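Heads up: the structure comes next, in structure tokens.
All values derive from a computational prediction rather than experimental measurement. Throughout, a chain's letter reflects where its sequence line sits, starting with A, and its residues are numbered from 1.
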Amino acid sequence: MEKHFTDYLAVLNEPQRNAVLHTEGPLMIIAGAGSGKTRVLTYRIAWLMQQGIEPFNILALTFTNKAAREMRQRIEQVVGHEARNLWMGTFHSIFAKILRIEGHRLGYTADFTIYDTDDAKSLIKTILNEMGLDEKVYKVSWVLSRISAAKNRLISWQEYMRNPIFLAEDTEAAKPKLGQVYKQYVQRCFKANAMDFDDLLFNTNVLFRDYLDVLHKYQHKFRYVLVDEFQDTNLAQYLITKNLAAVHQNICVVGDDAQSIYAFRGADIQNILNFAKDYPDLVTVKLEQNYRSTKRIVQVANRVIAHNRDQLHKTVWTDNEEGEPIDIIRAATDNDEGRLIASSIFELKMRHQASNADFAILYRTNAQSRTFEEALRKLGIKYKIYGGLSFYQRKEIKDLIAYFRFAVNQRDEEAFRRIINLPKRGIGESTVQKIVVAAIEHNLAIWDVLCNVEKYLGKSRIGVAIADFATMIKDFSFTIAQKDAYEAASYIAKTSGLLRELFEDKTVEGRARYDNVQELLNAIKEFTDAPDRQDKTLSAFLQEVSLLTSADETDKEDTDTVSLMTIHQAKGLEFKYVYVVGMEEDLFPSQMMLASRADLEEERRLFYVAITRAQKKLTLSYALQRYRFGNLRPCEPSRFLDELDHRHVRISHILREGFVDNTSQIRGNAASKIVAENESFLHKKMQQKAYETFLNKTTPPARPYIHQPSTHFVASNPSDLREGMRVEHAKFGFGKIIKLDSQGANRRAVILFDQVGEKTLLLNFAKLMIVEK
DNA sequence: GCTTTGTTCCTTTTT
DNA sequence: GGAACAAAGC
């Protein structure tokens, strides 16, 4: 290995090499976009191990499981099998691990549940109900984000309720009881032996603050601490790392202030800006050479970020080729935008023999993916949407996991609520109420009430059902203790009746759900069979799975796909060709963000992250009209487009379907000029629309890419449709109308789609083509 | 009680 | 455009 390592060092540039070799004392690496940050971190850890440091003395913290996994693999390539013993993972997963071991000091068992966002919201709903607060005033997501923000700033409910500023803020927002809700929420979680995501960080801080022996243990254990994406740490995370590194002082943080995009979840860019104050003998290394992108992309990116006020000075540069100008495409509507991007991808694939995987479409919000999906599908280009609903968020999966959770931890209230009447056993909402009330009245756990129903709820038919349920859970609990995860899981899936219920559902969707459950069981089998796994219990599986996200799913299917994702998800990735779409004012920058200058700066950093993903070619696009909540809204181009260095930009002005006007230059206030020009165009379009409405007709949508045989025609009127007709829907594909209703303003059809199964649609005739009568 | 029909509200971004 | 809920209908 020794011989090898010199070879590894040889490929690094000087600052990179310095960052790898400077192992003792605090180090801050400012890593510009595309500057080889991961490589430096990888080699640094490999170098430490090369120096004889034991892997279990090294702690490396990342923000995503994916980043941790990739880094571990790359280290393994350099140092071999030993890399498995590194303490490497996300903040949340590492501290969950520590809390499993030490949490008993705070009153949690090793089997504590991790509540996901759905659990947290559901609990807050329950609390609001019990407190008689209006959900319309105390919006669940608002309450949760407020509590989350407090925890991330290490403010306990006691401090929250004592603090006059918070109180004043909440009173002003007409939500004076928020402190009470916070208190209830924390106590309820504790009673359920559960922690939410924020608790994992909050409680670790409490643990280190109140139990110095625990702190000392880990301080001495972790001789070297590394933090990736340091600009995205919040106070809770920062204090943990600071505490852990306090003895050895070997803390290495890597980050880029220009890529700080997580303030909304408590990240504080000041952590990186002020780091030098906490460590006077700090050494700083700047990685400024970009190996990823063309000169033009780098220059445009620099120009964007230069507008920010708070920044660490650095100059990102590159030796790469000049490259093509950045394209700006403006489309008339969002659907046009989708078609234009899709055909652009099609063309580039042909011209450069590019593969689908070379392309990415990045947007600000998940909801924007729709038009691009449709357009890509029409051209037969394979794509994959990242984010959205993950496998583990599907109902059938969550249901079964709730069984596992409750069998492992009988205090888990949210799991209890989920499964008590599933499959149906006649225990409805009102009975659950009674159980919860009885538990509170007698100051008992819900589980104690379940085990002694007769005593607390009297004799009844439902009482028998509840007793049966409790017996079943006891049986599951026993099985989990005796058997490995896979055996226990299959037993529970079968015995609970969940699997049977899904099996009996013969619809296409029911099949899919059954298959999903089988897939979950497969995943558990893989977990159980992993060679160097020590803890094979179902409880261990739950711990691992609760911190997974959709980005962590290993993709066994086709990998040659165009990637569609939000900009946040694109961080750390690169593609040859990148499309940043929806560059419209109020969308990007998001209207909700724009309360302050700091917020605008964060949006600008987000834009920076988006454009620095591109290696060869960058295209920015926006629509002048967009469907929002079913309404067509005129849009203005994003102010960010004005901030670009226009020497490197080429604008394509799409006046009308299929007609492109290329202008290579714009001067002055580009945005306002474009809006003025397009107003007359929009006006004409709207007039046309009004005329069509007058004729009580919808225009057949323009379809430049004709793939349908000529027998297709668009249903322009409900009376064109009959039951039994074969149709094609823009989104769901081919299907057969099995039922048609035509009452009231909304006409609906129940259609059996070949791929999707049965679907009830509020008919949008422009999206329905008749294939055969 | 369950299914069908009508209405409302929604949209940041994620561990 | 569609999820989630509410109301109406069987």
Please state how far atom CD in A:Gln368 lies from atom C1' in C:dG2, giving the value in whole angstrom units.
16 Å
Among B:dC10, B:dT15, B:dT13, which nucleotide has an atom closest to any side-chain atom of A:Lys139?
B:dC10
Tell me whether the OP1 or OP2 atom of B:dT15 has a side-chain N or O from A:Thr64 closer than 4.0 Å.
no
Integer-rounded Å distance: B:dT15 P and A:Asn65 CG
8 Å
Using whole Å, what does the distance between atom P of nucleotide B:dT13 and atom CD of A:Gln231 come to?
20 Å
Proximal nucleotide (of B:dT13, B:dC9, B:dT15) relative to the A:Thr90 side chain:
B:dT15
So what does A:Phe63 touch, heavy atoms closer than 4.0 Å: a base, only the sugar-phosphate, or nothing?
sugar-phosphate
Let me check I have this right: for DNA chain B, each base becomes ., (, ), [, ] or |, based on Watson-Crick or G-U pairs with both distances under 3.5 Å. What is the full string?
||||||||||.....
When you measure from the centre of the six-membered ring of A:Phe95, is the NZ or CZ of A:Lys97 closer than 6.0 Å and no more than 45° off the axis?
no
On DNA chain B, compare the nucleotides closest to A:Ser141 and A:Ser93; which residue's is nearer the 5' end?
A:Ser141
Need one value for A:Lys571: base, sugar-phosphate or nothing, where a base atom within 4.0 Å counts as base even if backbone is also close, heavy atoms only.
nothing
How many Å lie between CD on A:Glu602 and C1' on B:dT14, as a whole number?
12 Å
Determine the contact category for A:Lys121: base if any of its heavy atoms lies under 4.0 Å from a base atom, sugar-phosphate if only primed atoms, P, OP1 or OP2 are that close, otherwise nothing.
nothing
Rounded to whole Å, please give me the gap between OH in A:Tyr608 and C1' in B:dT13.
19 Å
Among A:Lys398, A:Lys395, A:Lys125, whose salt bridge (charged side-chain N to carboxylate O under 4.0 Å, His left out) with A:Asp118 holds?
A:Lys398
Mind calculating the distance between CD (A:Gln591) and P (B:dT11) to the nearest angstrom?
14 Å
Is the charged tip of A:Arg605 near the ring of A:Tyr608: under 6.0 Å from the six-membered ring centre and within 45° of its axis?
no
In whole Å, measure the gap between the P atoms of C:dA4 and B:dT13 for me.
15 Å
Give the ring-plane orientation class for A:Phe264 versus A:His568, where under 30° counts as parallel, over 60° as perpendicular and anything between as tilted.
perpendicular
Holding to side chain to side chain contact (heavy atoms under 4.5 Å, CB included), I want the full list of residues that pass it with A:Ala236, two or more places apart in sequence or in another chain.
A:Leu154, A:Leu201, A:Asn205, A:Asn234
Of C:dG1, B:dT14, B:dC10, the nucleotide closest to the side chain of A:Arg370 is C:dG1
Given B:dT13, is OP1 or OP2 found less than 4.0 Å from the side-chain N or O atoms of A:Asn366?
yes
Would A:Arg100 pass as a cation-pi partner of A:Phe112, given that its NZ or CZ must be under 6.0 Å from the six-membered ring centre and within 45 degrees of the axis?
yes
Whole angstroms only, please: what is the OH-P distance between A:Tyr115 and B:dT14?
24 Å
Of the listed nucleotides (B:dT15, B:dT14, C:dG1), which one gets closest to any side-chain atom of A:Tyr262?
B:dT14
Side chains of A:Leu123 and A:Cys189 in contact at under 4.5 Å (non-hydrogen atoms):
yes
Validation row, ring centre A:Tyr579 to ring centre A:Phe372 under 6.0 Å
no
Give a yes/no on whether any side-chain N or O of A:Gln569 is located under 4.0 angstrom from OP1 or OP2 of B:dT14.
yes
Are A:Lys66 and B:dT14 close enough that a side-chain N or O sits under 4.0 Å from OP1 or OP2?
no
What is the separation between atom CG on A:Asp334 and atom P on C:dG1, rounded to the nearest whole Å?
10 Å
